[in-house]
2 protein chains.
Amino acid sequence: GCARLTQQVPLESARSTKHGVHRGMSSVTIPPPACMLRPLEAPFRYLFGPGPSNVPPRILAAGGRPIIGHMHSEMFGIMNDIKKGIQYAFQTSNNMTLAMSGSGHTAMECAVFNIVEPGESVLVAINGIWGERVAEIAERMGAKVHTLFKTPGGHFTNAEIEQALAKHKPVLFFLAHGESSSGLVHPVDGVGDICHKYNCLLLVDSVASLGAAPLLMDQQNIDILYTGSQKALNAPPGTAPISFSERACHKMFNRKTKPVSYLLDMTHLSNYWGNDGKPERKYHHTGPVSGFFALRESLAILAEMGLENSWSHHTEVAEYLWKGLEDLGLKLFIKDKDLRLPSVTTIAIPEGYDWKELLAYIMKHHQIEFTGGLGPSVGMVLRIGLMGYNCNKANAAMALAALEDALKQCRKSKA
Amino acid sequence: GCARLTQQVPLESARSTKHGVHRGMSSVTIPPPACMLRPLEAPFRYLFGPGPSNVPPRILAAGGRPIIGHMHSEMFGIMNDIKKGIQYAFQTSNNMTLAMSGSGHTAMECAVFNIVEPGESVLVAINGIWGERVAEIAERMGAKVHTLFKTPGGHFTNAEIEQALAKHKPVLFFLAHGESSSGLVHPVDGVGDICHKYNCLLLVDSVASLGAAPLLMDQQNIDILYTGSQKALNAPPGTAPISFSERACHKMFNRKTKPVSYLLDMTHLSNYWGNDGKPERKYHHTGPVSGFFALRESLAILAEMGLENSWSHHTEVAEYLWKGLEDLGLKLFIKDKDLRLPSVTTIAIPEGYDWKELLAYIMKHHQIEFTGGLGPSVGMVLRIGLMGYNCNKANAAMALAALEDALKQCRKSKA
């Protein structure tokens, strides 16, 4: 807790005015809290969980640069660069490409709020937490929500998806490409075509997979794709790239009702990002200038490295990690290698161990963050994330050594 | 524009798998954009508009520190510090005090979405852009919106407010304390009491005024108060302090319907911030870790300086600026000194000048940002903001010199 200072703050006498405005300097009764007079403390941690990842110094430095105004022409130039960087990362030529001022959840709500009108049907593939979230968001804004369900680790065949599309006739189908709660990378090939056959748009979450696992927005016929800044992109959390196909734009810009959120209304955001072709960009909200600086730098690193190199590098390090985990006698939660997310590896909790104790031991003795499951996978898995800057064999070896140590020290302590 | 590299990116051959997952490194057709291979450029600017303000090096450094996880115990400690810092800045002992992961608009939507249920009445005082925004937000979420209206620069008497409350029986009344589009600081004394007499909650926007003009949440019986990080607090944009009274909590935690936004649902946000008394904090969204580091530092600076000193300092510098402007023959837009916002000064556009030309000249020749009006005040005013770190007489003198130069160079050029 943060004790309040006991010192008395001097109070001047009140000075009332004809308007009753408190111009007087009186009436402050709550003194400055003592904790705010101490320096910020943030210990170094190896962020080997499902994100945020450690931010490389180059990106931290970009985010720590003196800011400019959110409406300055140079800022618009930086936003244009970000747009190009996202187009590359997503492999899309969509004009309607931008970064949300917020986390992946903001992009998720933006997609659902703008595409779907109240009363319309939405189909959500739930095989972990992200489908649960989208279903919750769609329900709240008044959609009719239908679900396809698998337990964590499961995935859907195209035949299962087609059957559900034919039955429910949704305007939007959601699929998580990177299901970080279970460690699954979901097949996407052909899904967009099936959706379009049923006049449905395909929304894909690539928060945990972007930059780590191959994904080709245009070629795979994805209509709305979003990701987060804090995973393989390595920027601090707080911005979220998103892109809409022309088909998605047609739906969202021809709706009868306004989206429930003003802040996330794409008619305004597309103007802010200069995507609507209008000569004047009007003030909408104040974008996170430092966050955009950092995001631009993270996209620049990806462009320099090359997407294909980034994909193959993540796969190589993941395979090294997987082998090391199996050598420790651990069982990977996703049996099929081709369905394993390269960025976030899930391990079945070893018998005779308390997963919380393992995580606490590793944090305390190795300054390494691994995490447990999330949502429906809580108590089922441990998760190790090695993304972007953190993705290399030295870190994988460090993670394995820490885990080996913990397995020795924590064995059957709760059994 | 950002030309794409013409160089050919090597494409490896496709390798299809039994699941159709694109494990192969092929199919990348969009090459890295050339602009992303150039360094980030952001020129130094004096941000003397209505915000964002220049961020002092100390806050930039805090925001540029290596991050930790959003759910680490040390992060929760930092969030606890932020909570105490906001309680001090707002002069409230409200437990339900936190920072939104977003700009002031996020706080605005959070307040309306959580407090109001569809079909309930809301009364909005509109005397500039902020009331317009709240009315728009409340309409979208299904509220019955009533308005009290004044042209920019006008303010409402308590009698006018009471009359409207009696007539419309709203559950929420919105008032902007700092109307940055017109430069007005609105009287708040007594408004909370009147609202409570009519069983209405008082929502106050202090984005432009917090730290610059006296405001005492608890003593002035304000039920929901929010601000932004990027004004007098001097942090980068992207976080937004907000606080709810017990009365507001009672309303929002006893509603029949869920708020339309999952991301802004206070039942989840209050758990994330440790305000709901539950032992476990569950994952909700990934907060902007770097933004919280910076916000903590900005609140620490305010705590060190002292609220009363900050208020009197802003008033002193504003009065110096006002006198200088009048000495240049300019007319201040808000006639009554007691109703002038100390952080953002509005000047009636001098006759014979094109306001856009004045602003462009000052930006080009002095690297200083002033701005025009916003929303209903566009074309009516020029705005000069001197907030927090930027608030001192040397900067005021620089602003005056730049304006004097511009008035000489741009005179009657369009007349």
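Here is the naming used below: chain letters follow the sequence lines, and residue numbers restart at 1 for every chain.
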Are A:N54 and B:P66 packed together at the side-chain level, in the sense that at least one heavy-atom pair is separated by less than 4.5 angstrom? no
Check B:P43 against A:I68 and note the closest heavy-atom contact, atom names and distance. O-CG2, 3.0 Å
For the CE atom of A:M36 and the CZ atom of B:R296, what is their distance to the nearest 0.5 Å? 5.0 Å
Per-residue tally against chain A (heavy atom, under 4.5 Å) across B:D265, B:D218, B:I301 peaks at B:D265
Between A:F293 and chain B, with a heavy-atom cut-off of 4.5 Å, which part of the residue counts as in contact: side chain, backbone, both or neither? both
Please state whether the side chain, the backbone, both or neither of B:L40 comes within less than 4.5 Å of a heavy atom of chain A. both
Checking A:L47 against chain B: side chain, backbone, both or neither under 4.5 Å from a heavy atom? side chain
Side chain to side chain donor-acceptor pair (under 3.5 Å), paired with B:Y262, selected from A:E136, A:R133, A:R140, A:E109: A:R133
Can you say whether B:M71 sits under 4.5 Å from chain A via the side chain, the backbone, both, or neither, judging by heavy atoms? neither
So which of B:P259, B:S103, B:G51, B:G291 has the largest heavy-atom pair count under 4.5 angstrom toward chain A? B:P259
Pick one of side chain, backbone, both or neither for B:E369, based on which atoms fall under 4.5 Å of a heavy atom in chain A. side chain
Measure distances from B:T371 to the heavy atoms of chain A and classify the residue's part below 4.5 Å as side chain, backbone, both or neither. neither
Nearest 0.5 Å, what's the OG-CG distance between B:S261 and A:L263? 9.5 Å
Looking at every heavy atom in both A:S53 and B:I67, which two are closest together, and how far apart are they? O-CD1, 3.6 Å
Kindly assign one of parallel, tilted or perpendicular to the pair A:H105 and B:H284, based on the angle between their ring planes and the thresholds 30° and 60°. parallel
Residue B:E304 versus chain A: region with a heavy atom under 4.5 Å: both
So, for B:I30 and A:S93, which heavy atoms are closest and what is the spacing to 0.1 Å? CD1-N, 3.7 Å
If every non-hydrogen atom of B:P288 is compared with every non-hydrogen atom of A:G238, which pair is closest and at what distance? CB-CA, 4.4 Å
Taking every non-hydrogen atom, the tightest pair across B:G287 and A:P237: O-CG, 3.3 Å
For A:E139 and B:K258, run salt bridge (charged side-chain N to carboxylate O under 4.0 Å, His left out): C-alpha distance rounded to whole Å, both residues' side-chain angles, the deciding distance at 0.1 Å, then the answer. CA-CA 10 Å; A:E139 265 165 24; B:K258 283 184 182 178; 5.5 Å; no
Value for SG (A:C35) from OH (B:Y88), rounded to nearest 0.5 Å, stands at 12.5 Å
Restricting to salt bridge (Lys or Arg N to Asp or Glu O under 4.0 Å), what partner residues turn up for B:R65, sequence neighbours left out? none
Which residues share a salt bridge (Lys or Arg N to Asp or Glu O under 4.0 Å) with A:K282, sequence neighbours left out: none
Heavy-atom closest pair (B:E41 atom, A:I78 atom, distance to 0.1 Å) is O-CD1, 3.4 Å
